[in-house]
Amino acid sequence: MNAKTPGSGANRVLVADDNAVDRKLLATIVGRAGFEVIQAVDGNDAVEKFYAEKPDMVLLDALMPGKDGFAVAEEIKANSGDGFVPIIFLTSLTEATELARCVDAGGDDFLSKPYNRVILQAKLYALQRMRDVHQTVQTQRDEIAKHHMQLVADQEAAKAVFDNVASARNLEAPYIKYLLSPLALFNGDVMLAAQNPANNLYIMLGDFTGHGLAAAIGAMPLSDVFYGMTAKGFSLAEVVRECNRKLGSVLPSGYFCCAAALVVDFSRYTVEYWNGGLPSAYLRKLGNSELTPLASKHLPLGILPHDQFKDDTLIHEVSPGDRLFMATDGVIEARNSQGEYFGAERLESLVVNSPAESLFGSVRNGVYDFIGAHESDDDITMVEITVVAEEQLQAVNLQDSLDELGGPKDWKFSYELGPSSLKDFNPLPLLQQVLMGAPYLRVRASAIYTVLAELYSNALEHGVLGLRSELKSSAEGFAQYYQARAKALDQVSGSVRFEVEGSIQETQVELRIRVKDSGKGFDYESYLERARSSETTAGYHGRGVRLLWDLCETVEFRDPGNEVEVTMQWEHGYE
Amino acid sequence: MSDVLDKQLLEELKLVMEDEFTELMDTFLSESVRQFAEARQAWQSSDLEMLRRHAHSLKGSCGNVGATELQSTCAALEHSARDELTADIPALIEQVSNQLETVSEAIRAL
């Protein structure tokens, strides 16, 4: 008469009945059904045994001296926590109101007297299965809760790491105003800003597809590439090309990043931009009622393979006081309570009609008023840059450990680029990197880079390509100039040669840079004459050579005008 | 004697309890005497609630050993105590006493 053994671990049954006959009979039936039996002789004993023995199920007589079954059931249910301890009430009570009391007290089933072995066994097995199911649900719930906590922890960790890598540190400049919700990262919005060695401001605004960690994850490689390449002096085209390659290789298919990037050159007063899938950015010229839209002409980052990616950028001339405005689609897609979109028209009207100095605030308030939202619950990402005179830029402070570690003290090298290299290779990051390997040069990194960039663009554009800088003096000419440049580069022939020489004297550093191009030269005498006479005017003409005069000790052209040598000197301050 | 104990129920009880059947019956004999004594004591001290409880317990025990007739009488006593029908109680107690005697004899004779 051995009953089958219960299949799960739920096999300890507490039998609580003050009636010795009943208790004995029940204990025998339950024991023969394969359960381990714990007996309690009254209510208080039942509670005590419940805590001491932690049974899996309880058979409880309703009417007992001392603590009755209802009170015991309530106490057990209140102290089972998340666990499910089924209670079967043993009762000869038949009135509905009394049965209801059993249910209210937490009873899961009834067994009426006289006890029937088959029915009791069936009930025990059924409740055992219920308990197993409950256990499974609990376990799964706990696992889900654990996973959820893990997810939240992951997001917090990701945000902390991201804040370290891509904090908005470079955005804290008086000429930049921005709005970026703390939650932006997990809405997929990214805003990056950095200065290149020539103190040009690089800004990138990105909007990743998706939300949450998936949207945030691409921000890491993006900022890595952006900061790394900008600091090394790579061009905007090179930066966006590499961002596209990197995102293409790390993002799963279907994920990409709408992005717009621009470079403000505060010494040449140009803004260069690339826009892939972000709403139009705007250039608002000082004292001009027309906006220049900097519209998307490309696919977002992370879609096209490297060899099909288009990195062509557009350049506009700017002057101090001009303003640039960029935003992710959160602005034009902001909706009011009627479900109406804010839209590009409203945005443009605000950008063009607001007083220049309050442009940013007007747009922000305009959007908030429209959606009726408070500043704290937005997910709007936007930035405004004011073009300022170069002197107002914040200097980049560089510390140079190489100064104390030593390095080459007298050295020279030459570096010549042939036609294939001139076509699509930018030698500036490489040259800058070599120069920064020598002691005492990092403190002048910005000036050195600016001089190299100026000398190289002159040699390439005016020397090798034979373009005339006079073109750039009007807005239309400016655009024509860059079109002609792209066209000429396509079929370039010739070469540019750098000769660079450094020497460190006791207290002085001297850097000599000679650049010679394969072009036929130009009438540099009259060019220099014009540049000297227009020194006080703001036109583009002659700006390049004035920059060299500012930064260099000597600037010397050689006949027939295809070679120029500059020297830079400064005290290094170390004995 | 056939009406005093439910033979069919007893047979089943023997199957369930196996070796412990006799022990169960012994438990009934001692418990029922104790429960009845306590019930009578409660009545003598006019504690109707205690009387009801002991009648209830005895009723339960009877049910489990197939003492059907005694079980009904206990139920009547339980109800009278609950409903405070004190006039009926002395006769019912007497009846329980007699029937308990008969049941005990029948059990001892098994």
Side-chain angles (χ1 to χ4, degrees), chain A residues 1-3 15-35 37 39-43 59-71 88-95 97-98 101-102 110-124, chain B residues 5-6 8-36 38-39 42 47 49-68 70-72 74-75 77-79 81-83 100 103-104 107:
Chain A
M1 183 70 225
N2 278 332
V15 175
D17 197 325
D18 63 309
N19 186 313
V21 179
D22 287 6
R23 194 168 63 240
K24 188 161 187 52
L25 177 60
L26 283 168
T28 306
I29 296 175
V30 172
R32 294 223 195 286
F35 295 91
V37 182
Q39 301 192 35
V41 300
D42 59 34
L59 298 185
L60 199 54
D61 188 14
L63 301 176
M64 286 187 289
K67 206 169 243 181
D68 68 13
F70 307 115
I88 301 180
F89 268 102
L90 307 166
T91 177
S92 48
L93 305 174
T94 46
E95 286 175 28
T97 52
E98 295 194 302
R101 267 192 79 193
C102 295
F110 306 98
L111 185 69
S112 39
K113 302 175 185 184
Y115 302 132
N116 178 297
R117 177 178 57 88
V118 179
I119 293 176
L120 176 55
Q121 242 176 37
K123 283 178 191 285
L124 286 172
Chain B
L5 292 173
D6 181 336
Q8 197 187 333
L9 194 145
L10 279 177
E11 285 310 308
E12 192 169 322
L13 212 50
K14 272 182 193 169
L15 278 176
V16 172
M17 299 302 289
E18 298 178 16
D19 301 345
E20 286 157 282
F21 176 73
T22 316
E23 209 186 316
L24 181 71
M25 289 300 141
D26 288 347
T27 308
F28 173 78
L29 290 178
S30 55
E31 278 293 296
S32 57
V33 169
R34 187 182 60 80
Q35 283 161 347
F36 178 64
E38 285 179 12
D47 189 342
E49 174 55 22
M50 284 312 284
L51 172 60
R52 183 191 66 78
R53 283 200 188 187
H54 290 300
H56 176 84
S57 281
L58 187 54
K59 177 189 77 176
S61 300
C62 291
N64 283 324
V65 298
T68 324
L70 178 54
Q71 188 187 3
S72 320
C74 287
L77 181 58
E78 185 190 354
H79 286 139
R82 188 191 64 192
D83 300 340
L100 182 56
V103 166
S104 298
I107 285 172

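Source: prediction; values computed, not measured. The chains referred to below are lettered A, B, ... by the order of the sequence lines, with proteins before strands, and numbering in each begins at 1.
Side-chain atoms of Leu24(B) and Asn64(B), non-hydrogen and from C-beta on, never get closer than 4.5 Å to each other. Looking at heavy atoms from C-beta onward, Leu60(A) lies out of side-chain contact with Leu90(A) at the 4.5 angstrom threshold.
For Glu49(B), the CD atom is densely surrounded, since the number of other residues' heavy atoms within 6.0 Å is greater than 12.
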Steps toward side-chain contact (heavy atoms from CB on, under 4.5 Å) verdict (Leu124(A), Ile88(A)): CA-CA 9 Å; Leu124(A) 286 172; Ile88(A) 301 180; 4.1 Å; yes
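Annotation: maximal heavy-atom pairing with chain A below 4.5 Å, among Met25(B), Glu12(B), Gln71(B), Arg53(B), occurs at Arg53(B). Between chain B and the options Thr28(A), Asp61(A), Asn19(A), heavy-atom pairs under 4.5 Å are most frequent for Asn19(A).
Proximity to chain A is limited to the side chain of Gln35(B), based on heavy atoms less than 4.5 angstrom apart.
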